[in-house]
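Worksheet: one structure, shown below.
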Amino acid sequence: MKPPKTGARAGQTSRQIGDARRSKKARVKIAPQKRKLLVALILSGVSFLLLIGKLFDVSVIKGKTWTQKAMSQWTRVTSLKAERGQIQDRNGTVLASSYTTYQVCVNPQNIQESDRDRIAYILSTYLEMDYDTVYAKITKTKKKYPNDPDNHERVLLSQVKIKDQVDKEVISKLNSMQLGSGVSYYSDVKRDYPESGYYAQLIGFTNIDGDGQTGVELTCNSYLKGEDGYQKADTDRDNNPVPGGEEEYIESVPGGNVVLTADTGLQGILENALQEACTVNNAKSTQGVLLDPNTGAILAIGAYPTFDSSNPPRSDAKMLLELSKNRIVTDTYEPGSTFKVVTLASALESGAITTAAEFKCGGSLLVKGEKIKCWKSGGHGSETLAQAVQNSCNPAFMSMALKMGVDTFYDYIYQFGFGEPTGSGVMGETSGTVTHKKYIREADLARIGFGQSISCTGMQLAMAVTACINGGELLKPYIISEIVDQNGTVVLKNERTVVRRVISPATSATIRTLLRGVVENGSGKNAQVYGYSVGGKTGTSQKYEEDGTVSRTKLIASFIGFAPVENPQFVCLITVDEPQVPQVYGSTVAAPFVQEVLSNALSYAGVQPDESNQSATVPDVRGMTVTEAVSALKSAGLDAVYLEAEADSTVSKQSPAANSVLVKGSPVVLYSTGYAFFAELEEETETVQVPKLMNKNRMDALDALKKVGLIMEYDHFHCAGEVIDVEYEEGFEVPVGTVVHVRFSSEETVDVDDSD
């Protein structure tokens, strides 16, 4: 049997084999047509799916984006800036307001090439801008195709902003220049500060877009800014309105008005005093606050140096940041002796002492083996409570703190509000530092008693002292009186808020009497106000160097005062940072300026005098020698504070100023043209005796002064030989850190290494 032919399967008949062959030939003949049809169907299907996908992407996924782009081509939307609300003082005086200005834009696509020079010249002239800058904006282009990496083709921009906040008068002039559709104007708003000489730190300022950047402008921005509106209109390809096209107009909503508790008259009184205090004391800065002790309302607050709110120095961001700080709430410091008011109130209220308490000061107090000195090296001897307060005796206040103990004293410290912000509403408020009591040793507790080893803001201290003299209630200070919306509805209102009662009315009355004694018989004499009873307390604290060590010469001097004593209407705190003045008696750095503020504030408010003490008018003693000035003041019934070493020098400044009315017997501080200038050290600072320097060579004299904490000043080119002249007599008491000027016998010129 023959095997089957190739392709035949076993069991197939010849007919079946023939049919299979014919079928194969048929398939071969029609397969290309089927393939083409199949390919065409597949490609059509894929294209259809891609088209559906693209349509889905365009209409659904990116539909909103493309719609916005299309709308931007055939519509023009003009923003209608909301008018920012006003800031007013308590009497309705406008402190910040807005007025309409304009934004100038160019439309490069609408400016013919032959007209570019003319328009650039006109705009640069009237807008006071650089011609090249304006011309560059008129000819500014962009890529025609955003995804074109080679940037082959560019087109002019449709619109470019030239300048913001252009006054109406300038726009009127530009309109007369026939600039056509190449220039557009849009309404804008500019901020104005009618009282820009005051309130800089409190009110702050806005940025170019009208949003608050500092001060009340920032903290109340959400109330002041209002809601912007807009105007939408159909336009043609040249951005011109289409006649009969659709228009939409949404009116802007003006911002609300913020009413402060501050009074412009009182703000001026405080800021003038701060400037004078900074200038007279040659200080780094001054800061202060004036309060209503019955409500907690802030009547005036500020710092010096300051700036013009209408023209802040934006080119120097670091300086502007420093000048913008309301340091009475932002900066913390060791309060020094002003904190003794809190110690006194706590000790009396807790029962640790009574008004019959007596103290003995030998110049220091030994606490657990650690000797802590009084500011007076010889001590105050035996003293009553009233005398201890008037003397600002450190050991007396250390004793009060130790008698209370950590737990009791700390309870009162927290009750008086230390360790947490006061909630004043003034921008940038900090909380100070109260070390946890578990870390406090007895020596630390003793130091806290006289205002060391604890830090606070000026606002915290002012509110604590206010609680001590207003009947015993700690109040929440506030600077925002109310906020009123555009419809006249009050949306926020602040009123007197009692945080807690800290001491009893009886204890508060005792504190007022004791602090009155400080002004009448103690270190605060130059805070007396003619016709009124005044109470208060001086204080000075040492600052720290960058390495963390206590500075011998960098200090903060302060005074807090209130008046009238029996019915306080004002509390004023002024701090003077790093004063550089002649060494004089205590309370000469800050107290005279608190006196100035209280005197003017009482008169301004129409508070009736409560005393009939005799007055004296301050004569003008500038230009006289110190000796002549002392005699003139004595003839007027006034005392004088001056450096005995400069008796022959000429008086260059005096405080209070000439023609001021003081209580008879009040001191006037004399600043002479002599050269003995250094940081003022207040009454609680340690004093030392000038050592023997005569006949010593330069190195021995330098060592002798360094040993007791004094600084030697001398002519570094003529310091050979022995000391032949010393500014102070041997044994004369001066504060630690005092500069002592000496002169040497030899006039020979020598080279000296200043580092010694």
Side-chain angles (χ1 to χ4, degrees), residues 82-98 191 193-196 198-206 210-226 254-268 270-271 287-303 309 324-330 417 420-431 457-460 462-463 466 473-499 570-571 573:
E83 183 176 346
R84 192 172 178 83
Q86 293 184 344
I87 300 176
Q88 305 171 357
D89 78 350
R90 66 191 300 137
N91 302 313
T93 302
V94 177
L95 308 177
S97 63
S98 299
R191 204 64 167 159
Y193 300 96
E195 301 291 341
S196 59
Y198 301 138
Y199 294 110
Q201 293 90 6
L202 177 60
I203 293 178
F205 52 86
T206 60
D211 290 321
Q213 284 193 294
T214 62
V216 174
E217 291 279 29
L218 177 58
T219 58
C220 295
N221 190 59
S222 60
Y223 294 102
L224 289 164
K225 68 179 183 180
N257 294 332
V258 175
V259 182
L260 305 180
T261 59
D263 184 302
T264 299
L266 297 175
Q267 183 74 19
L270 177 65
E271 291 206 36
Q287 37 277 325
V289 63
L290 184 66
L291 296 158
D292 181 344
N294 301 300
T295 65
I298 299 172
L299 303 175
I301 185 171
S309 297
S324 297
K325 290 182 179 179
N326 227 320
R327 297 185 179 279
I328 210 75
V329 300
T330 64
E420 61 182 7
T422 65
S424 64
V426 180
M427 179 181 164
E429 185 170 13
T430 53
S431 59
T457 65
M459 184 64 76
Q460 287 175 317
M463 296 315 299
T466 293
E473 294 178 328
L474 179 67
L475 302 176
K476 180 181 178 180
Y478 61 103
I479 189 61
I480 306 298
S481 176
E482 61 182 19
I483 299 177
V484 184
D485 69 13
Q486 68 279 0
N487 298 317
T489 303
V490 177
V491 296
L492 184 148
K493 187 173 182 62
N494 288 316
E495 296 178 327
R496 182 181 191 270
T497 302
V498 178
V499 179
F570 297 104
V571 171
L573 169 67

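Partners of Q88 under the side chain to side chain contact (heavy atoms under 4.5 Å, CB included) rule, at least two apart in sequence or in another chain, are Q86, N257, V259. By the salt bridge (charged side-chain N to carboxylate O under 4.0 Å, His left out) test, R496 pairs with E473, sequence neighbours left out. Residues passing the side chain to side chain contact (heavy atoms under 4.5 Å, CB included) test with L474 are M463, A467, V499, R500, V502, sequence neighbours excluded. Under the side chain to side chain contact (heavy atoms under 4.5 Å, CB included) criterion, S222 pairs with no residue at all, not counting sequence neighbours. When the side-chain hydrogen bond (donor to acceptor under 3.5 Å, both in side chains) test is applied to S196, the partners found at least two apart in sequence or on another chain are D308. Judged as a side-chain hydrogen bond (donor to acceptor under 3.5 Å, both in side chains), and not counting sequence neighbours, the contacts of E217 are R84, R191, Y193. Taking D292 as the reference, N294, T295, A297, L299 meet the side chain to side chain contact (heavy atoms under 4.5 Å, CB included) condition, with sequence neighbours excluded. With sequence neighbours excluded, no residue satisfies side-chain hydrogen bond (donor to acceptor under 3.5 Å, both in side chains) with S309. Every residue two or more places apart in sequence or in another chain was checked for a side-chain hydrogen bond (donor to acceptor under 3.5 Å, both in side chains) with E83, and none qualifies. Checked against salt bridge (charged side-chain N to carboxylate O under 4.0 Å, His left out), K476 has no partners two or more places apart in sequence or in another chain.
You'll find the side chain of L270 stays beyond 4.5 Å of the side chain of Y198, heavy atoms only. Looking at heavy atoms from C-beta onward, V426 lies in side-chain contact with I298 at the 4.5 angstrom threshold. For the pair V216 and M427, the minimum side-chain heavy-atom distance is 4.5 Å or more. In this structure, the side chains of V571 and L290 stay at 4.5 Å or more apart for every pair of heavy atoms. Inter-residue side-chain proximity for I483 and V490 is flagged as unmet; no heavy-atom pair is nearer than 4.5 Å. Contact of the L260 side chain with the I480 side chain is registered, since non-hydrogen atoms from C-beta on lie closer than 4.5 Å. Side-chain contact check for S424 versus V329: some heavy-atom pair is nearer than 4.5 Å. Using a 4.5 Å cut-off on side-chain heavy atoms (C-beta onward), L291 and V289 make contact.
From N221, atom CG reaches atom OG1 of T219 across 9.0 Å, with rounding to the nearest 0.5 Å. Put simply, CD on E271 and CD1 on I301 are 10.5 Å apart, with the number rounded to the nearest 0.5 Å. The line from CG of D211 to OG1 of T206 is 8.0 Å long, rounded to the nearest 0.5 Å. Within the model, atoms OG of S324 and CD1 of I203 stand 12.5 Å from one another, a figure rounded to the nearest 0.5 Å. Here the CG atom belonging to L202 is positioned 13.0 Å from the CD1 atom belonging to I328, to the nearest 0.5 angstrom. Atom CD1 of I479 is separated from atom OG1 of T261 by 3.5 Å, given to the nearest 0.5 angstrom.
A donor-acceptor pair under 3.5 Å links the side-chain atoms of T466 to the main chain of A462, judged by distance alone. Proximity of a side-chain donor or acceptor of Q460 to a complementary backbone N or O of S431 within less than 3.5 Å is detected. Panel note: side chain E429, backbone T330; no donor-acceptor pair is recorded below 3.5 Å. Using modelled atom types, one side-chain atom of D263 and one backbone atom of G265 make a donor-acceptor pair closer than 3.5 Å. Although no hydrogens or angles enter the test, the distance criterion places no donor-acceptor pair under 3.5 Å between the side chain of Q267 and the main chain of A262.
Closest non-hydrogen pair, T422 versus M459, comes out as OG1-CG, 3.6 Å. Among all heavy-atom pairs drawn from V258 and C220, the shortest one is CG2-CB, 4.0 Å.
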Practice prompt. Start with the C-alpha gap between T264 and Y199, add the side-chain angles, then the distance that decides, and say whether side chain to side chain contact (heavy atoms under 4.5 Å, CB included) holds.
Written response: CA-CA 9 Å; T264 299; Y199 294 110; 3.0 Å; yes

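Judged as a side chain to side chain donor-acceptor pair (under 3.5 Å), the pairs with a partner in residues 478-489 (not counting sequence neighbours) are, in order, E482-K493.
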